[in-house]
Amino acid sequence: MSAGAELPVIEKGALFERLALGRAAGVTVVTPNKRLSKALMLEFDAFQIGKALSVWEAPDILPFGAFVQRLYEDGLYADLSAELPMLLSPAQEKEVWKQVVGGSGLLAVEGAAAKCRDAWNLANLWRIRPGAGNQDTEAFARWLTHYKKKTENDLDTPRLPDALQRFLPELKRPKLVVAYTFDILPPQTKDFLDALGTEIAFCRPDPRSATVSRAAFDSAKHEIEAAAQWARARLEAGGKRIGVVVPSLQEDRKEVARIFSRVMRPGGGKAPMPFNISIGIPLERYPVVALALSVLRVSQEEIPFEEASRLVRSPFIGGAETELGARMRLEPRLREKLGASVVLPKLIAAAGQTPLLRARLEKLYALRETGLFSQKTPAEWARHFSSVLEAAGFPGERALDSDEFQTQAKWHEALGELSRLDRISKEMSFSQVFQTLRRICADTLFQPETPDTPIQVLGLLESAGVEFDHLWVTGLTDEAWPLKSSPNPFLPLAQQRKAGIPEASAETSLALDRRITDGWKQAAGEVVFSHFTKEEDRDVLPSPLIADLPEKAVQIPAFSKLGDVIFASRKTETLQDRVAPAVREKQVRGGTRVLSDQAACPFRAFARHRLHAEELEEPAEGLDASKRGKLVHLLMQNVWDELKDSTALQGDLSPAIERAAAAAVKEMAVEGRFAELERKRLARLGHEWFEKVEKQRPPFSVVSTEEKRPIVFSGVTFDARIDRMDRLESGGHAIVDYKTGGGNVTAKRWQGERPDEPQLPLYAVSAKEEITAVVFARFRPGDMRFVGLSRDDKALPKVPKAKDGWQPLLRDWKKEAERLGQSFAEGEAGVDPKKDLITCRYCGLETLCRVYEKINVLAEEEIEEW
């Protein structure tokens with residue numbers, strides 16, 4: 001029913017006068033939501049301050065649901081405690097619905113249970129009888145029967161107003177109840193107010209004359225930036241109540257917060273911001289709670305490496321401040337030692353250089369035996385979880401700030417909610433109870449309490465009924481406003497429409513949104529409606545509810561961004577810094593990779609091999625490409641250490657290959673199910689390689705495998721490791737380099753200045769042996785072959801001779817090797833990638849060299865790779 005149709009109306013001024021008389025006047029104001037209660041409370045405070053008062057009695061203003069629950073609690077502490085059923089908490093209600101829906105064999109239990117809970121609330125609120133209609137409504141009716149049976153001795157929130165009515169005469173009720181800004185009174189709410197037996201009145205905001213305008217922006221981001229700048233301008237002009245409505249606030253909260261923070265305080269800092277965002281975020285996303293959940297999880301099961309990394313670096317675990325530096329240094333080492341998934345014993349073993357952290361983890365391990373496989377009640381699990389967190393030193397040794405302290409308190413409430421599930425749940429395994437606790441944290445939207453702020457950023461429906469000095473409503477496109485109808489699928493659609501539920505049909509939704517729009521037009525002295533005109537490449541139209549308003553540019557002062565302020569105060573000094581100090585060491589670690597990096601980009605070689613800068617590794621599930629390549633190297637080394645030369649290729653190679661594969665897997669310490677898979681993979685590769693390549697060659701002998709030897713260029717010694725060297729029947733030696741990756745392997749990568757793959761040319765020109773062929777051994781299933789160059793075309797199968805002669809080629813390679821060695825030795829370190837961004841693609845040092853400031857990414861043309 002339309003609110004206020006049958007209720008006497010009281011003006012807001014008269015309401016405040018009666019509230020000013022204090023609790024003795026017996027006036028209670030109920031609102032549709034908590035935000036409206038808080039806003040009305042602030043208005044009343046301003047009213048009292050305007051009367052030059054410094055102290056007054058707090059008025060009784062609260063949401064309708066809280067008012068009903070307060071009456072229930074009054075009954076519990078009175079003589080009615082024996083007659084009133086126990087009220088289920090929201091978490092208990094959700095768990096019961098989950099049990100009911102889960103028992104039907106449905107797969108999407110969580111979503112269906114949440115929809116059922118909403119349907120049950122709507123059914124009670126709007127007096128709808130669940131039942132026939134379609135398969136969904138019939139399923140809900142069956143589930144509801146089970147739900148009622150499970151809760152026959154309890155009471156839930158949807159039924160609370162109805163159940164409380166018969167006890168109202170025995171409860172202490174206010175003399176006057178004022179329903180403030182109830183645009184629509186659902187039947188259950190009206191019935192409860194009628195049953196109170198006290199005076200009931202209706203109140204709505206006083207109509208105000210306002211200047212209303214409409215503005216358009218080319219993108220949603222520019223629209224929010226403009227609204228933030230406008231809010232700051234109104235604040236600096238003396239505005240005390242400034243509202244900004246964002247329809248997509250729940251989805252875009254993070255981006256909205258970032259824009260407002262940057263506009264309000266460009267320099268950042270910890271001081272409170274002058275704005276508040278009405279919608280909280282799930283409790284599980286707060287760092288304090290995320291750490292607590294990670295500690296509980298790792299105490300019982302494996303976790304992803306990213307989660308283990310956050311745990312090690314978290315300030316909320318014991319010893320974090322004392323071992324801060326050591327734990328930061330530990331994290332890169334963990335990336336090398338651990339895989340994509342981490343279990344507690346391996347984490348303990350890797351944490352040896354951080355004794356305090358290791359001690360905390362060992363305490364967790366000692367506790368895991370008390371709860372690893374056992375079933376416990378939720379309350380027992382909650383106590384166990386508290387013990388686990390205490391063993392981990394949660395919440396750390398430093399004092400928590402206000403936000404962290406409030407978040408920790410909310411976490412304790414979540415554990416309390418878990419404990420209360422004892423009433424409706426049986427014993428649970430760790431996996432079941434952990435998922436339940438995580439769901440409680442995910443369903444709990446939380447925002448730490450902050451001082452009252454002049455700027456409120458609100459969602460669409462939260463802003464209804466709230467008054468401001470200045471109001472800006474963003475995002476009013478034809479797709480966002482009016483809202484689309486969204487009837488509940490578990491209630492008969494015809495009954496929802498007949499009851500008048502606004503979301504049940506396009507007509508009732510439009511009518512409600514039109515009333516909300518009219519309310520916005522009177523909610524402040526200045527009202528701005530805005531929309532964006534482009535979404536990617538698509539044109540967007542304004543909402544039909546504001547299309548009749550004339551479009552007008554909003555005057556917004558330009559506020560400088562922090563980057564602009566810093567840039568404006570710059571003192572520029574240009575310095576060509578391409579040359580580092582010359583290399584003093586006679587021997588440099590890094591092998592031929594040093595000169596490979598020097599060829600690709602001088603700065604890369606300087607950063608990696610002199611500054612020792614490396615990109616952090618990303619742990620992979622199983623073996624990454626590098627480790628698989630090492631396995632192939634070990635396989636070939638083991639085989640040729642046994643066979644020695646090509647005469648052994650005439651017999652059965654299977655035993656030698658199988659032994660070599662098993663030894664390679666063992667040496668690389670491959671464990672678990674991957675060990676057997678890798679052994680079989682290596683054996684397959686080995687058989688194919690020897691059958692299709694090695695057996696087709698002229699006679700040869702293997703001189704060395706994986707041989708380390710020094711090479712010298714421009715007076716600097718580099719460590720080298722030659723995969724393999726063969727003595728050829730045609731004379732001379734061949735250098736073989738194994739290639740297992742999927743890249744394009746070709747001899748062109750050795751040619752010209754700054755060759756892409758200088759490794760083999762470096763070996764060839766520095767070897768004491770006579771080198772007559774250099775080849776890649778391409779290990780690719782289905783395409784096994786040698787790729788390279790030789791002195792003559794008979795040395796190796798399908799390996800051509802050098803086009804311009806072998807000796808000229810060696811001279812060119814020698815000249816380029818000396819040039820690369822000299823440039824490195826002299827400190828040449830300019831940011832000069834050979835192929836621009838193609839060279840930078842897998843470098844990992846972009847944030848150090850800032851190459852993207854030098855190269856226009858958008859204008860970069862793709863260069864064909866060999």
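Keep in mind that what you see is a predicted model, and the values were worked out from it rather than measured. In what follows, residues are counted from 1 in the order of the sequence shown.
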**Prompt:** Among side-chain atoms of D719 and Q587, is any donor-acceptor pair under 3.5 angstrom?
**Reply:** yes

**Asked** Any side-chain donor paired with an acceptor under 3.5 Å for S294 and E307?
**Response**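 Result is yes, a qualifying pair exists.
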
Ion pair check, [X] and [Y], cut-off under 4.0 Å:
X: R721; Y: D723; answer: no
X: K748; Y: D756; answer: no
X: R850; Y: E846; answer: no
X: R811; Y: D804; answer: no

**Asked** Side-chain contact, heavy-atom cut-off 4.5 Å: W750 with L789?
**Response**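 The answer is yes, as the side chains (C-beta and beyond) meet within the 4.5 Å cut-off.
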
**Request:** Please list, chain by chain and in numerical order, all residues satisfying side chain to side chain donor-acceptor pair (under 3.5 Å) with R608, sequence neighbours excluded.
**Result:** D597

**Request:** Identify, with sequence neighbours excluded, every residue that meets salt bridge (Lys or Arg N to Asp or Glu O under 4.0 Å) alongside E678.
**Result:** R628, R681

**Prompt:** Does R335 have any salt bridge (Lys or Arg N to Asp or Glu O under 4.0 Å) partners at least two apart in sequence or in another chain, and if so, which?
**Reply:** E331, E618

**Crowding at CZ, R258 (>12 non-hydrogen neighbours, <6.0 Å)** = yes

**Message:** Looking at R780, is its backbone amide N or carbonyl O close enough to the side chain of T740 to form a donor-acceptor pair, meaning the two atoms are under 3.5 Å apart?
**Reply:** no

